[in-house]
Every structure is written in structure tokens, then in C-alpha cells.
Amino acid sequence: MTDFIYLDHSATTPTDPRVVEALLPFLTELYGNPSSLHSAGKTAGAALEAARATIARVLNCSPTELIFTSGGTESDNLALRGVAAAQQARGRGAHIISTAVEHHAVYDVLKDMAEHGFDVTFLPVDQYGRVTAQQVIDALRADTILVSVMYANNEVGSLNPIAEIGAELRQRRVPFHVDAVQAPGLLSLDVQALNVDLLSLSAHKFYGVKGIGLLYVRRAIPLQPQLLGGTQQAHRRAGTEPVALIVALARALELAEAERTDTVARLLPLRDDVIRRILETIPEAALTGHPTDRLPGHTSFALRGLNGDSLLLDLNEVGIGASGGSACTTGQQEPSHVLVAMGVDPDRLMGQVRFVLGKHSTPEHVDKLVYHLTALAQRHRAMIPNMG
């Protein structure tokens, strides 16, 4: 795949060789169970605690406030269901606030919870897919037990004012969960500055490995475990900790944060170049998401009258990998719930394409993308009556 141009970094990222290097010893000679009392177990336990300390430095939290999970989906599920169940058990209510453009790992969970006794408010978003702190404040009720707002939208890249929302909720003592899966290596993860109570991450989004994620939970936040069967992780998530994956996650997060400033500085001009050139060269292309207040490497478009999946398949044939939005829904015939909530014109809904740059992206990759996408869009339009 040396000639393949990968522009789908919101879906997943290639594993950094330095992460693999950190991982490998724990798949071979350092294989102990961290709960065991013998020397192999103690070595694994020490590595686990060292990884916790590394992650805690990046997040600016206590190592004891971290729960390791199988990925972002489990982290979101644990945050939502765990806090809601604990709050409800204490008689504090059953009202939850979120937004209409959350990732399915939040959106679908809350829809399911709404069918099982919880009252969920999905806040409407503006044309860029964002909510305001005032919207959240206005939606609060005496029985509100949790608010969940994503940091950066995976489909359109727009950013929400997390620190501002968190400050308001902190004053009102309402727990605040943030799906920050798209943020590492691109945005600050300081949970104190962000005023968040729970924060979800997934390693494969920041050049780590698949199958490991984490949930930060502020010490005072009640959380009912969703997996039973062991006392690991202070009884909050049962199961033997995958030390190799946790070590890899810690290394990936450490590298992402250390290189964040340089990464952002390199991605911003590339991102803006993609946006400018596609809007200039492809008729009826519209940018989705905010033009500047978006992830540094994220671009997304809605192309009037075209089928995004067909374009993506043809792009793949010329060696360019991209997606139509969420990797969890690409290939489905239903329009994106994110674009619908943003009020995107109906004749653009099926023309969704997303090109997300990463740390290996180059200006030459941008040149090839624009060249091939322009040619393909022109060819596809010529085959559509009254649009050629």
C-alpha cells in the first residue's frame, strides 16, 4: 500500500512504529497478569501503573480516575449508562441532554435509554453542527442527571465550546461527559481546563492500536459498572487488564500530545488548501461543518446530485482512500443524521464525502485528490440527465 493515499484518519490511523515497539515486549516475555502476586504479575502491574501515570499527565488528572475499555464505543456506553444508572439509583432524576449530531456510540445508546425510562433531550444544532452553552443551560431541568456533548464531530469536523459548557455545568453540579475520540494529537485534552467530568478516548484514532480505549471519570462522579465478574479497576470495569494494549495506548497518547503543536501547524494549511481547491474546482460542492472552527486536518463536503459512495469507490480505484462520513455507517443508504440535523439540502445528502488528513499527508497527496475528484465528479455528472 506504499502508493495508496490514505485520507480517512477520522475512521482510524496507522499504528506508529514507536507504539508497536512499546507493545511487543508485553506480547512475548512480559506476559503476566497484573493481578497476580508473583514476579511476572508484579512486572505487568508496574507497567500498567506506569501507563496510567503517563496518561494522567496528558489529561491532567489522577491515575485513579482512568478506566480502560475496549474502545470509544464501550467508553461512551459506560459513561452514559454508568452515570445514569448511578444517578437514578440515588433518586436524582432521569433527564439527559445531548445533541442531535453525536456519534452513534452516544446517539444510539441514548435513543435506547429513552425507550427504557430515561427522558432524553437532543439539542438542535446550527448550520455547522454546533451547539452553544446557552442552549445547554436553557435545556437544564431539576431532574437533569447528565449532559453529553462531543468535542469534535467525526463527520464534519466542527468543534463545540466544551470548556464553556463545562464551566456552566460545574456551577450547577450536573455531570458532563464528552466524547473526545477525534481530539488527541489535535486539541487540548486537559480535563481541568475543559471542565469535564467524563471523557472518552480510543487509541486507534491517534496512531495507537485497535481494541483499547479509556474513560476518564472525575473522582466524585457516581458510576455504576456495566461489566461484572471481577474486582479490576476499582470494581468499575471487570476483566483482566490488557497490559500490552494499555502500554501501547499510553505511548500513543504521549507521542500525540508531544507532537501536537507541530502536527497542527502542518495540517492547517493542507486542510485549508483542500477546502479552497475543491470549492473552486467542483461545481455544486458545499463545505459541511464550520469553515475554520474545525479539526485541523478535517474536510467534508456535500456534492449536489451526486452519490458519495460511488465517488469514493472510484477514488479507491485510483489509489485514494476516503469515506462518506462516519466509518460506522458508510455504505448505508440512509442519509447521515448529522447532515439532516444541520439542515443540509436534501439533494446533497447522498453526496457526502470526507477527506481527513493525517501526519503522513503531503501537498502531493492534496494535488492528487483534487485532480482525481474533479475528474470523477465531472464524469459522474455527465452521466446524470440535466446535470451534465
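The figures here come from the full heavy-atom set of this structure, side chains too, leaving out hydrogens, waters and symmetry mates.
- The two residues Val19 and Tyr207 make their nearest non-hydrogen contact at CG2-O, 3.6 Å.
- Ion pair Glu257/Arg260 flagged as a salt bridge, since at least one NZ, NE, NH1 or NH2 atom sits closer than 4.0 Å to an Asp/Glu carboxylate oxygen.
- Ring geometry, Tyr107 versus His337: the interplanar angle falls under 30°, so the pair is classed parallel (tilted spans 30 to 60°).
- No continuous path of ILVMFWY side-chain contacts below 4.5 Å connects Leu140 to Ile145, so the two sit in separate hydrophobic clusters.
- Here the side chain of Lys205 pairs no donor or acceptor atom with the backbone of Thr13 at under 3.5 angstrom.
- For Lys111, the NZ atom is densely surrounded, since the number of other residues' heavy atoms within 6.0 Å is greater than 12.
- The backbone N or O of Ala84 sits nowhere less than 3.5 Å from a side-chain atom of Arg92 that would complete a donor-acceptor pair.
- In this structure, the side chain of Arg271 does not engage the main chain of Leu357 through any donor-acceptor pair within 3.5 Å.
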Inset, instruction - Please report the C-alpha distance between Asp314 and Arg379 in whole Å, then the side-chain angles of each, then the deciding distance to 0.1 Å, and finally whether the side-chain contact (heavy atoms from CB on, under 4.5 Å) criterion is met. - result: CA-CA 11 Å; Asp314 283 350; Arg379 190 177 82 192; 3.1 Å; yes
Inset, instruction - Any chance you could lay out the side-chain contact (heavy atoms from CB on, under 4.5 Å) test for Gln87 and Gln224, step after step, and finish with the verdict? - result: CA-CA 9 Å; Gln87 293 277 70; Gln224 183 169 302; over 6 Å; no
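- Just one of Leu339, Val101, Leu295, Thr299 meets the side chain to side chain contact (heavy atoms under 4.5 Å, CB included) condition when paired with Val156; it is Leu339.
- Using a 4.0 Å cut-off between charged nitrogen and carboxylate oxygen, Asp262 and Lys359 do not count as a salt-bridge pair.
- For Glu21, the CD atom sits in a loose shell: 12 or fewer heavy atoms of surrounding residues, nucleotides or ligands are nearer than 6.0 Å.
- Heavy atoms only, all atoms of each residue included: Val120 and Ala114 are closest at CG2-CB, 4.0 Å.
- Taking the side chain as every heavy atom from C-beta outward, Leu194 and Val178 never approach each other to under 4.5 Å.
- With 3.5 Å as the limit, one finds a donor-acceptor pair spanning the side chains of Glu102 and Thr99.
- His365 places none of its side-chain heavy atoms less than 4.5 Å from the side chain of Leu270.
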Inset, instruction - Kindly indicate, with the supporting measurements, whether the criterion side-chain contact (heavy atoms from CB on, under 4.5 Å) is fulfilled by Phe68 and Gln233. - result: CA-CA 8 Å; Phe68 296 107; Gln233 305 203 62; 3.7 Å; yes
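- Side-chain contact annotation: Ser200 with His177, donor-acceptor N/O pair under 3.5 Å present.
- Linking ILVMFWY side-chain heavy atoms closer than 4.5 Å, directly or via other members, places Val147 and Leu199 in a single hydrophobic cluster.
- Under the 4.5 Å side-chain heavy-atom criterion for ILVMFWY residues, no single connected hydrophobic cluster contains both Tyr371 and Leu376.
- Listed for the Ser36 side chain is no donor-acceptor partner under 3.5 Å among the backbone atoms of His38.
- A donor and an acceptor atom, one from each side chain of Ser300 and Arg294, are located under 3.5 Å apart.
- Side-chain contact check for His235 versus Pro225: every heavy-atom pair is 4.5 Å or farther apart.
- When atom types are taken as modelled, the side chain of Asn160 and the backbone of Val131 share a donor-acceptor pair closer than 3.5 angstrom.
- Contact check for Thr263 versus Leu186: side-chain heavy atoms found under the 4.5 Å cut-off.
- The aromatic rings of Tyr6 and Phe4 are tilted relative to each other, their planes meeting at an angle between 30° and 60°.
- Note: the hydrophobic cluster containing Val58 does not contain Val217 (ILVMFWY, side chain heavy atoms under 4.5 Å, direct or indirect links).
- With Ile212 as the fixed residue, the side chain to side chain contact (heavy atoms under 4.5 Å, CB included) test singles out one of Thr69, Leu245, Leu201: Leu245.
- For the atom pair CG (Leu159) and CZ (Arg130), the distance works out to 8.5 Å, reported to the nearest 0.5 Å.
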Inset, instruction - Show your working on side-chain hydrogen bond (donor to acceptor under 3.5 Å, both in side chains) between His204 and Thr12 and close with a plain yes or no. - result: CA-CA 6 Å; His204 76 99; Thr12 196; 2.7 Å; yes
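- A salt bridge between Glu284 and Arg348 is present, with a side-chain N of the basic residue lying under 4.0 Å from a carboxylate O of the acidic one.
- Side-chain contact check for Val338 versus Asn153: some heavy-atom pair is nearer than 4.5 Å.
- Phe122 and Met342 fall into different hydrophobic clusters, where Ile, Leu, Val, Met, Phe, Trp and Tyr are joined by side-chain heavy atoms under 4.5 Å apart, directly or via other members.
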Legend entry - Intermediate values then yes/no, side-chain hydrogen bond (donor to acceptor under 3.5 Å, both in side chains), Arg354 and Ser323: CA-CA 5 Å; Arg354 180 183 72 176; Ser323 72; 2.9 Å; yes
Inset, instruction - Show your working on salt bridge (charged side-chain N to carboxylate O under 4.0 Å, His left out) between Arg276 and Asp272 and close with a plain yes or no. - result: CA-CA 6 Å; Arg276 177 185 60 81; Asp272 292 344; over 6 Å; no
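- Judged by distance alone, with hydrogens and angles left aside, the side-chain atoms of Gln352 form a donor-acceptor pair with the main-chain N or O of Gly324 at under 3.5 Å.
- For Asn316 (side chain) and Leu312 (main-chain N/O), no donor-acceptor pair under 3.5 Å exists by modelled atom type.
- Looking at Lys368 and Glu364, no side-chain N of the basic residue comes within less than 4.0 Å of a carboxylate O on the acidic one, giving no salt bridge.
- Here the side chains of Glu254 and Arg18 are not in contact, with every heavy-atom distance at 4.5 Å or above.
- With Gln171 contributing its side chain and Glu168 its backbone, the two residues share no donor-acceptor pair below 3.5 Å.
- Leu146 is not listed as a side-chain neighbour of Asp197, based on a closest heavy-atom distance of 4.5 Å or more.
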Legend entry - Audit row: Asp16, Arg251, salt bridge (charged side-chain N to carboxylate O under 4.0 Å, His left out) steps and yes/no: CA-CA 10 Å; Asp16 190 304; Arg251 182 60 172 148; over 6 Å; no
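- A side-chain donor from one of Ser10 and Gln182 sits under 3.5 Å from a side-chain acceptor of the other.
- Side chain of Gln135 to main chain of Thr132: a donor-acceptor pair is present (N/O by atom type, distance under 3.5 Å, no hydrogens or angles).
- By the 4.5 Å heavy-atom criterion applied to side chains, Arg81 and Gln226 are counted as neighbours.
- The main-chain N or O of Ala94 is never found under 3.5 Å from a side-chain atom of Gln88 such that the two would form a donor-acceptor pair.
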Legend entry - Intermediate values then yes/no, side-chain contact (heavy atoms from CB on, under 4.5 Å), Leu369 and Phe355: CA-CA 9 Å; Leu369 167 65; Phe355 308 108; 3.6 Å; yes
